[in-house]
A.B. asks: 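This is the structure I want to talk about, given as C-alpha cells.
Quick note: numbers below take in every heavy atom, side chains included, and nothing from hydrogens, waters or symmetry partners. Just so you know, these numbers come straight off a predicted model, no measurement behind them. In what follows, every chain begins at residue 1, and chains take the letters A, B, ... in the order their sequences are listed.
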Amino acid sequence: MNPTVARLTLRGLLGRRRGALLLVAPALLLIISAIASRSSGDAHDLTVKILGQLDLGTLVPILGLVIGTGVIATEIDDGSIVYLLAKPLPRHRIITTKLAVAIGVTWLVAAVPTLLAGLLLYGTKDGVALGYTVAVLVAGAAYSALFLLLGVVTRHAVVAGLAYALVWESLFGNFVQGARTLSIQQWGRAVAEAVAGDTAIGADVSLGAAVPLLLVVTVAATVLASVKLAGLTLASEE
Amino acid sequence: MATITIDKVSRWFGNVVAVNDITMSIGPGITGLLGPNGAGKSTLIHMMSGFLAPSSGAVTLDGAQIWRNQQVYRQIGLVPERESMYDYLTGWEFVLANAELHGLPQPGAAARRALDLVEMAYAKDRRTGTYSKGMKQRVKMASALVHDPSVLLLDEPFNGMDPRQRLQLMELLRRFGADGRTVLFSSHILEEVEQLARHIEVVVAGRHAASGDFRRIRRLMTDRPHRYLVRSSDDRRLAAALIADGSTTGIEVDERERALRIEAVNFQGFTTLLPRVAREAGIRLYTVSPADESLESVFSYLVSA
C-alpha cells in the first residue's frame with residue numbers, strides 16, 4: 001500500500017461526476033427494497049429477485065466495472081499515469097493499492113446497501129441478507145481485480161467489461177449452463193448459498209469450485225496487472 | 001554527472017520504423033533534440049524515459065538499462081508533452097504528491113523548494129485545471145525537479161508557450177545545464193534550439209541526421225543552396241544582371257510560369273543582392289518567394305549532406 005497512490009486514486013474516483021454516479025445504484029436498490037418490503041408478495045421470492053438478480057446480477061458488476069476501471073483506466077487514458085510510473089515505486093504496489101481502493105469503495109457502495117436491503121426485505125431470517133452480503137463482498141473483490149486488469153491491458157476496458165458482465169454473465173449465463181461455471185456472479189451465489197443455508201438461495205456452482213476460482217481470478221488478475229503495468233508503453237503522439 | 005547512451009537503437013511499430021538505428025550519447029549540459037514533427041523525437045524520449053522498449057539496441061543511463069527499471073527514476077525527471085496532470089489537485093498537492101511518491105524524507109520542504117524554483121509558489125493553491133499552458137508547464141517542471149534529479153527530459157516543452165514564458169523556461173533550463181545536470185529537450189523549431197542548446201542532435205524521418213555544435217549545424221542549414229521564384233518587369237535582363245554576380249549558381253527562365261527560378265549560394269548574399277541589382281537595372285520585382293523554405297526541406301538537405 002502506498003498512501004499517496006491511495007489518496008490520488010480515491011480523489012480521482014470520487015471526485016467529479018463519478019462520485020455521484022456511484023451513489024445512484026445503491027440508492028436505487030434501497031428504494032426498490034423499501035417499496036417491495038411493503039408489498040404483499042412472497043417475501044422470499046422478492047428478496048431473491050431483488051438481491052440475486054437486480055443487485056448481485058446487475059448492479060454489482062456495473063459498480064465493479066465503473067470502480068475497477070475508474071481507479072486506473074482514466075489515468076492511463078489521459079496520460080497522467082506517467083506521474084505515478086516515473087517514480088521508483090514497485091509496480092505491484094501501485095496495483096495492490098489501487099485494487100484496495102477499488103475493493104473498499106465497491107464494498108461501501110455495494111455490500112453495505114445489500115445488507116441494508118436484505119434486512120429491509122427479509123430481516124435476519126435464514127441468513128439470506130448476510131448470505132447475499134458476503135456474496136457481494138467476494139464478487140465485488142473479484143470484479144474489481146478483473147476490471148482493473150482490463151483497465152491496464154486495453155484502451156477499451158469499459159466495453160470489454162460490459163461485454164463480459166452483460167453478454168457473458170447475464171445473456172449466456174441465463175441460457176447456457178456451462179457459462180455459469182465461469183462467472184463471478186455465480187461464484188458469489190455459491191458463497192451466498194453456503195452462508196445462508198441450502199434452500200434459501202439457489203446456486204449452480206459448488207462451493208468447492210467457486211472459492212478456488214474466485215481466489216485464482218482475483219490473484220491472477222492482480223499479478224498480471226502488475227506485470228502489464230511495469231511494461232506499460234506510452235503511445236507516441238507523433 | 002549522468003549520461004544517457006542510445007546504442008544502435010531502432011524502434012518500429014508494425015511496419016513503420018519510427019527510429020532507425022540511432023546511436024547517440026547525451027551528457028551533462030543542455031542538448032537539443034531537433035527534428036520535424038513525426039521524426040521520432042517523442043519515440044526517442046519515451047525510450048529514454050522508460051516508457052517504450054527499443055525494438056533493438058539498448059538505452060541506458062550510466063550503464064543501467066532504462067526499460068523496466070524503476071530505480072532509474074531516482075535520477076531522471078520527466079516533463080511529458082501531454083497536459084493532463086490530475087486536474088482536481090492544486091499545484092501544491094500535485095507537487096507534494098510527486099515528492100511523496102519519490103519517497104523523499106521531507107516531501108513538504110522538497111515541494112516548496114521545487115515550486116519556488118519555477119516561481120509558481122504564488123499560484124500553488126489553485127487547481128492545476130485552472131492553470132494556463134505556461135503555468136502547467138512550470139508545475140510539470142516542479143514535479144520533475146522535486147527529487148533533484150541529475151537528468152531532466154522534456155518533450156516539446158515550449159509548445160504553446162508565449163514568448164515571456166518561453167524565456168523564463170529557457171533561463172531555468174540554462175541554470176540546470178550550468179549546474180552540470182543532463183538536460184535534454186525536444187523541439188521542431190530551430191531558433192528555439194539554438195537559443196538554448198550548444199549541443200544539438202538532429203533526427204529526421206527516424207534517422208540521426210546530424211550531431212554536434214549548433215553553429216556547425218546552423219551553417220550546414222544556411223549554407224545550402226536556396227531556391228527562389230522571382231517575377232519581375234523584365235525577367236531576362238534581371239537574370240543577366242544576377243548571373244554576373246557570384247551569389248547565384250543557376251538561373252532558369254520558366255516560360256510557362258513567367259518567372260525566374262534562381263539558385264542562390266548563400267542566403268545572406270542573395271537577399272541583399274537581388275533588390276540592389278533590380279534597382280540599378282530599373283527593374284520592378286513582382287514576386288520573390290523562397291521555393292524550398294519549409295522545415296522539411298531544410299532537414300532533408302541536412303540528411304543528404
Side-chain angles (χ1 to χ4, degrees), chain A residues 1-22 70-98 101 152 155 223-238, chain B residues 11 13 16 18-19 35-47 49-53 67-89 93-103 107 128 140 143-144 146-147 149 153 155-156 188 206:
Chain A
M1 282 290 279
N2 178 299
T4 310
V5 175
R7 205 178 64 227
L8 289 178
T9 305
L10 199 61
R11 285 189 63 173
L13 187 61
L14 301 184
R16 290 174 279 188
R17 261 162 294 167
R18 205 186 288 112
L21 195 74
L22 290 178
V71 293
I72 198 157
T74 339
E75 276 167 275
I76 294 179
D77 240 23
D78 71 13
S80 50
I81 192 87
V82 170
Y83 297 100
L84 292 191
L85 294 181
K87 301 290 183 294
L89 266 182
R91 288 359 184 184
H92 64 83
R93 194 169 303 155
I94 297 178
I95 291 292
T96 47
T97 303
K98 284 184 171 290
V101 170
V152 178
R155 293 274 163 124
V223 171
L224 194 55
S226 306
V227 173
K228 287 288 177 189
L229 190 68
L232 189 80
T233 291
L234 285 191
S236 190
E237 285 190 21
E238 296 189 331
Chain B
R11 171 70 209 201
F13 298 97
V16 181
V19 165
N37 285 326
K41 300 187 300 291
S42 285
T43 305
L44 273 174
I45 289 192
H46 284 158
M47 288 193 280
S49 54
F51 285 101
L52 192 64
W67 174 246
R68 283 184 186 271
N69 179 7
Q70 297 121 35
Q71 294 310 315
V72 297
Y73 296 115
R74 293 189 191 284
Q75 285 196 68
I76 293 180
L78 173 67
V79 181
E81 188 180 4
R82 291 182 73 170
E83 286 218 337
S84 38
M85 40 185 271
Y86 301 97
D87 289 348
Y88 45 89
L89 298 181
E93 289 169 330
F94 177 69
V95 178
L96 179 66
N98 276 281
E100 290 171 354
L101 289 168
H102 271 294
T128 59
K140 274 155 67 175
S143 80
V146 77
H147 59 303
L153 301 173
D155 198 354
E156 295 278 355
H188 57 278

A.B. asks: Under 3.5 Å, is there a donor on one side chain and an acceptor on the other for B/His147 and B/Gln75?
C.D. replies: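 There is no such pair between these side chains.
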
A.B. asks: State, yes or no, whether a side-chain contact exists between B/Gln71 and A/Pro88 at a heavy-atom distance under 4.5 Å.
C.D. replies: yes

A.B. asks: Applying side chain to side chain contact (heavy atoms under 4.5 Å, CB included) between A/Ile72 and each of A/Ile95, A/Leu84, A/Thr9, report the one that passes.
C.D. replies: A/Ile95

A.B. asks: Can you tell me which portion of A/Leu232 sits under 4.5 Å from chain B's heavy atoms? Options are side chain, backbone, both or neither.
C.D. replies: backbone

A.B. asks: Hey, which of B/Pro80, B/Gly50, B/Pro107, B/Ala144 has the most heavy atom pairs under 4.5 Å with chain A?
C.D. replies: B/Pro80

A.B. asks: If you count heavy-atom pairs within less than 4.5 Å of chain A, which of B/Asn69, B/Leu89, B/Ile45 leads?
C.D. replies: B/Leu89

A.B. asks: B/Tyr73: which residues meet the ring pair (Phe, Tyr, Trp, His ring centres under 6.0 Å) condition with it, sequence neighbours left out?
C.D. replies: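 With sequence neighbours excluded, B/Tyr73 shows a ring pair (Phe, Tyr, Trp, His ring centres under 6.0 Å) to no residue whatsoever.
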
A.B. asks: Taking atom types as modelled and ignoring hydrogens, do the side chains of A/Glu75 and B/Tyr86 form a donor-acceptor contact shorter than 3.5 angstrom?
C.D. replies: yes

A.B. asks: For chain B, find which of A/Asn2, A/Leu85, A/Val5, A/Ile81 contributes the most heavy-atom pairs closer than 4.5 angstrom.
C.D. replies: A/Leu85

A.B. asks: If you tally heavy-atom pairs under 4.5 Å against chain B, which of A/Pro90, A/Ser80, A/Gly79, A/Pro3 wins?
C.D. replies: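 Looking at each of A/Pro90, A/Ser80, A/Gly79, A/Pro3 in turn, A/Ser80 comes out on top.
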
A.B. asks: Does any backbone or side-chain atom of A/Arg91 lie under 4.5 Å from a heavy atom of chain B? Answer side chain, backbone, both or neither.
C.D. replies: both

